[in-house]
Undergrad: 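Sharing a structure here in structure tokens format.
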Amino acid sequence: MTDGRLPFLVHGTLLPGEADHDRFLRGRTRDERPAVPPGALLCEGPGHPYAVDGPDTVHGTLVTAAPGAHGELLRLLDDLERYRGPDHPRNLYDRLVRSAHPRCGRPTAPRRAGTAAPRMGRTRPGRPGPLPDGPVRAWVHLAAAPVVRSLRTGGTPVPGGDGLSRRPPPARRTP
């Protein structure tokens, strides 16, 4: 697989159930699986957590584009992450090729009410798609150099690299 057609490792607001998942990924993916990129650290930053190079992992989702959707998905994610090109001084994130390790567990594709949970080892639409035995090369957006410099002075690592763990549990609704 050439670098141009690699899957994406997404985190944060692009995870299933989060604010940007449906807006950017719905209908454009063939497969979504839990994964972690080793050598990445999640840090609290201005507005939201940022993934940076570091001695930890970040909980994310390995996303394979649907047939014919890779180019569109690449452009959408680059726009969202404010990636303008290699070494561009106005990048908020850099898009890099990194190793991602698929994790065992349930697929992260969202379920519709009243449907059964997808089984592991199958892609979202039900086509066979076993988990790879080892790491997969994937596009990952990591904080660009200017953001990393600011995080060194004011960023706090997110324990365990799970950005969703920093939110309080939903409050109980009153009748």
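Throughout, numbering of the chain's residues begins at 1 and tracks the sequence.
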Undergrad: Give a yes or no on whether the backbone of Arg84 and the side-chain of Asn91 come within a donor-acceptor separation of less than 3.5 Å.
TA: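 Here the side-chain-to-backbone pair exists.
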
Undergrad: Could you go step by step and tell me if Leu92 and Val147 meet the side-chain contact (heavy atoms from CB on, under 4.5 Å) rule?
TA: CA-CA 7 Å; Leu92 187 58; Val147 176; 3.4 Å; yes

Undergrad: Within the 4.5 Å heavy-atom criterion, are Leu142 and Asp94 side-chain neighbours or not?
TA: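 Sidechains of Asp94 and Leu142: no contact.
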
Undergrad: Between Ala51 and Leu42, which heavy-atom pair has the shortest distance, and what is it?
TA: N-CD1, 3.9 Å

Undergrad: Could you tell me which residues satisfy ring-ring contact (aromatic ring centres under 6.0 Å, His included) with Tyr93, sequence neighbours excluded, listed by chain and number?
TA: Tyr50

Undergrad: Closest heavy-atom contact between Pro16 and Glu32?
TA: CG-OE1, 3.9 Å

Undergrad: So, Asp20 versus Thr13: side-chain donor-acceptor pair below 3.5 Å or not?
TA: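 On atom types as modelled, these side chains qualify, holding a pair under 3.5 Å.
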
Undergrad: Do Val63 and Val97 share a hydrophobic cluster, counting only Ile, Leu, Val, Met, Phe, Trp and Tyr and linking them when any side-chain heavy atoms are less than 4.5 Å apart?
TA: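 Shared cluster, yes.
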
Undergrad: Give, for atom CZ of Arg33 and atom OG1 of Thr61, the distance between the pair rounded to the nearest 0.5 Å.
TA: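 Separation between the atoms: 11.5 Å.
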
Undergrad: Do you know which two heavy atoms are closest between Pro146 and Pro89, and how far apart they sit?
TA: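 Looking at all heavy atoms of both residues, the shortest contact is CG-O, 4.3 Å.
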
Undergrad: Is a donor on one side and an acceptor on the other found under 3.5 Å between the side chain of His70 and the backbone of Leu6?
TA: yes

Undergrad: Just how far is it from atom NE2 of His21 to atom OG1 of Thr29, taken to the nearest 0.5 Å?
TA: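 If I round to the nearest 0.5 Å, the distance is 6.0 Å.
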
Undergrad: So how far is it from Arg82 CZ to His88 NE2, rounded to the nearest 0.5 Å?
TA: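 The NE2 atom of His88 is 13.5 Å from CZ of Arg82, to the nearest 0.5 Å.
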
Undergrad: Working to the nearest 0.5 angstrom, can you tell me the gap between Arg28 CZ and Leu76 CG?
TA: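 It comes to 5.0 Å.
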
Undergrad: Drop me the distance from His141's NE2 to Leu77's CG, to the nearest 0.5 angstrom.
TA: 6.0 Å

Undergrad: Does one hydrophobic cluster hold both Leu74 and Leu14, with members joined at side-chain heavy-atom distances below 4.5 Å?
TA: yes

Undergrad: Are Leu41 and Val52 close enough that some pair of their side-chain heavy atoms sits under 4.5 Å apart?
TA: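 Yes, their side chains come closer than 4.5 Å.
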
Undergrad: What's the spacing between Tyr83 OH and Trp139 CH2 if we round to 0.5 Å?
TA: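 If I round to the nearest 0.5 Å, the distance is 7.0 Å.
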
Undergrad: Which heavy-atom pair separates Pro38 from Thr57 by the least distance, and what is that distance?
TA: CA-CG2, 4.0 Å

Undergrad: Compare every heavy atom of Gly60 with every heavy atom of Leu9, then report the nearest pair and how far apart it is.
TA: CD1-CA, 4.4 Å

Undergrad: Mind listing the closest non-hydrogen atom pair of Arg5 and Gly71 along with its distance?
TA: NH1-N, 3.8 Å

Undergrad: Given the rule that I, L, V, M, F, W and Y join up when any side-chain heavy atoms are under 4.5 Å apart, are Val158 and Val58 in one cluster?
TA: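 Yes: a chain of side-chain contacts under 4.5 Å links Val158 to Val58.
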
Undergrad: Can you check whether Val36 reaches His59 side chain to side chain, under 4.5 Å on heavy atoms?
TA: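 Heavy-atom side-chain distance check passes, below 4.5 Å.
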
